[in-house]
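Beneath this line is the structure, given in structure tokens, with notes to follow.
Basis for what follows: all heavy atoms, side chains included, without hydrogens, waters or symmetry-related copies. Order of the sequence lines fixes the chain letters, A, B, ..., with proteins taken first and strands second; residue numbering starts at 1 for each chain.
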There are 2 protein chains.
Amino acid sequence: MNCPEHPHGHSHHAAGAGGRAALPELADQLRRKARKLTGARQAIFEILRRQLHPLSNKEIFAELPKGDCDLATVYRSLHLLEEMRMVKRFDLGDGIARYELLAEGDDGHHHHLVCTRCTAVIEIEECFPRELEQNIATRNGFTAITHKLEFFGICPRCQ
Amino acid sequence: MNCPEHPHGHSHHAAGAGGRAALPELADQLRRKARKLTGARQAIFEILRRQLHPLSNKEIFAELPKGDCDLATVYRSLHLLEEMRMVKRFDLGDGIARYELLAEGDDGHHHHLVCTRCTAVIEIEECFPRELEQNIATRNGFTAITHKLEFFGICPRCQ
DNA sequence: ACCGTGAATGCAAATCGTTTGCAATTAGCC
DNA sequence: GGCTAATTGCAAACGATTTGCATTCACGGT
Ligand SMILES: [Mn+2]
Ligand SMILES: [Mn+2]
Ligand SMILES: [Zn+2]
Ligand SMILES: [Zn+2]
């Protein structure tokens with residue numbers, strides 16, 4: 001791990017829910033903002049916790065025990081989780097929002113490799129070189145610079 | 001210019017329409033595919049030709065002499081131009097398709113720096129390092145790999 | 001210049017992901 | 001248990017984009 005954007009060096013790609021926040025943290029964060037720990041939120045949280053790759057609202061909704069909650073509630077829950085910095089939103093090129101649960105203190109910045117045939121997703125450690133990015137910022141007088149970066153190709157199974 | 005994805009080294013960022021295709025080429029390409037050179041297509045083409053930065057369908061539509069053509073026609077024209085590889089589509093982070101006219105033979109691969117406050121756009125020469133990308137492809141057994149990359153920050157005027 | 005024909009267009013309706021208004025329900029605190 | 005703000009379901013609204021269809025048009029051949 002030498003991605004310049006991950007100075008703390010935690011890998012957010014451990015299998016399963018390794019490193020990801022657990023229920024108690026969700027409860028904490030919610031209480032702190034006077035928000036309620038509802039069944040829907042717990043269920044959504046647990047689904048994200050099991051996932052290694054970003055999930056769309058619809059995918060999360062599909063995982064939910066049917067009738068458990070409305071799709072609109074899924075959207076609202078993810079907005080809340082994002083605002084609480086417990087999930088990070090990604091766009092894997094199709095304009096559909098997808099979310100990944102974050103480990104506490106991790107800003108979640110990272111990238112993906114997506115198969116354009118089967119939509120398989122692979123987590124990527126590499127990041128755009130920090131000093132190149134700094135050049136860009138300096139040369140143009142920009143501050144608070146960051147980037148979105150996703151890779152596309154054809155996976156072994158689809159070739 | 002040393003972007004690994006631009007081996008021919010033409011700058012597609014020259015001011016004005018420098019390097020960009022001209023009308024006759026549009027006419028050629030169209031004839032070659034038995035498509036018609038209509039007023040709407042010429043007008044749209046000319047608007048893109050004057051532009052240094054990517055334009056959305058709505059922006060193009062707004063530039064068009066009012067009543068000149070329907071918004072649906074703008075969408076259809078850009079699909080056609082894209083299929084003819086005369087424009088390249090970008091997504092600058094807001095999920096809205098934007099298009100830039102290409103120079104002949106240029107695949108148009110490049111990136112932008114976008115101000116998150118005023119949406120100003122700057123053309124960027126840097127590209128994700130080729131050998132890093134190759135590592136990613138090889139390690140995961142992917143072929144035909146490419147990437148989408150856009151930078152975001154706060155421009156000098158907005159700071 | 002005139003025709004025939006497939007291509008292109010305007011218009012309105014449809015699509016898709018997402019958001020929102022509102023009345024009914026519920027979690028958290030006393 | 002009761003109060004109250006937060007949350008939810010539901011349906012309608014949204015904005016970007018696409019599409020069906022009847023009409024119009026560009027252009028190669030006459
Ligand atoms: Mn990821
Ligand atoms: Mn550009
Ligand atoms: Zn990065
Ligand atoms: Zn690049």
Side-chain angles (χ1 to χ4, degrees), chain A residues 23-45 47 54-84 86-99 119, chain B residues 23-24 26-47 54-84 86-99 119:
Chain A
L23 298 315
E25 196 192 331
L26 174 62
D28 271 9
Q29 299 277 331
L30 286 172
R31 195 168 314 113
R32 213 165 308 188
K33 307 191 69 172
R35 319 303 292 273
K36 298 174 180 175
L37 179 60
T38 67
R41 286 172 184 172
Q42 290 181 57
I44 291 169
F45 186 84
I47 288 168
L55 285 185
S56 69
N57 287 279
K58 201 181 289 187
E59 287 166 342
I60 293 169
F61 183 61
E63 293 275 324
L64 242 25
K66 47 186 160 298
D68 206 0
C69 87
D70 193 80
L71 180 56
T73 298
V74 175
Y75 276 97
R76 288 191 270 232
S77 296
L78 284 162
H79 285 323
L80 177 60
L81 288 169
E82 188 179 18
E83 162 188 323
M84 298 194 311
M86 297 191 69
V87 298
K88 184 164 178 75
R89 193 214 315 251
F90 292 92
D91 176 355
L92 268 34
D94 57 3
I96 298 176
R98 290 164 196 275
Y99 298 88
T119 70
Chain B
L23 297 314
L26 175 62
D28 270 10
Q29 299 277 329
L30 286 172
R31 196 168 314 114
R32 210 164 306 180
K33 306 191 70 173
R35 319 301 292 273
K36 297 174 179 174
L37 179 60
T38 67
R41 285 172 185 172
Q42 290 181 59
I44 291 168
F45 186 84
E46 278 307 313
I47 287 168
L55 284 185
S56 69
N57 286 281
K58 200 181 291 187
E59 287 167 342
I60 293 168
F61 182 61
E63 293 276 322
L64 243 24
K66 45 186 161 298
D68 206 0
C69 89
D70 192 80
L71 179 56
T73 298
V74 176
Y75 277 97
R76 289 191 270 232
S77 296
L78 285 162
H79 286 322
L80 176 60
L81 288 170
E82 187 179 17
E83 163 189 325
M84 298 193 312
M86 298 191 69
V87 299
K88 185 165 178 75
R89 192 213 316 252
F90 292 92
D91 176 355
L92 268 34
D94 57 3
I96 298 175
R98 290 163 195 278
Y99 299 87
T119 70

If the sugar-phosphate is the primed atoms plus P, OP1 and OP2 and the base is the rest, what is the B/S/- string for nucleotides 17-30 of chain C, using protein heavy atoms under 4.0 Å?
SBBBB----BBS--
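- If you take CG of Leu78(B) and C1' of dT18(D), they are 14 Å apart, rounded to a whole angstrom.
- For the pair Arg41(B) and dA26(D), the criterion of a side-chain N or O lying under 4.0 Å from OP1 or OP2 is not met.
- Inter-residue side-chain proximity for Met86(A) and Glu25(A) is flagged as met; some heavy-atom pair is nearer than 4.5 Å.
- Contact detail for Val87(B) and Leu78(B): the closest heavy-atom pair is CG2-O, 4.0 Å.
- Taken to the nearest 0.5 Å, the CG atom of Asp91(B) stands 6.0 Å off from the CG atom of Asp91(A).
- Straight-line distance from the CG atom of Asp94(A) to the P atom of dT18(D): 14 Å, rounded to whole Å.
- Here dA6(D) presents its C1' atom at 19 Å from CZ of Arg32(A), a figure rounded to the nearest Å.
- When heavy atoms are screened at a 4.0 angstrom cut-off, Asp68(B) is found touching the sugar-phosphate backbone but no base atom.
- Atom NZ of Lys33(B) and atom C1' of dC27(D) are 18 Å apart (whole Å).
- Between Leu23(A) and Leu37(A) there is no side-chain heavy-atom pair separated by less than 4.5 Å.
- Residue Leu26(A) holds its CG atom at 8.5 Å from CZ of Arg41(A), rounded to the nearest 0.5 Å.
- The side-chain contact (heavy atoms from CB on, under 4.5 Å) test with Tyr99(A) is passed by exactly one of Leu55(A), Leu81(A), Asn57(A): Asn57(A).
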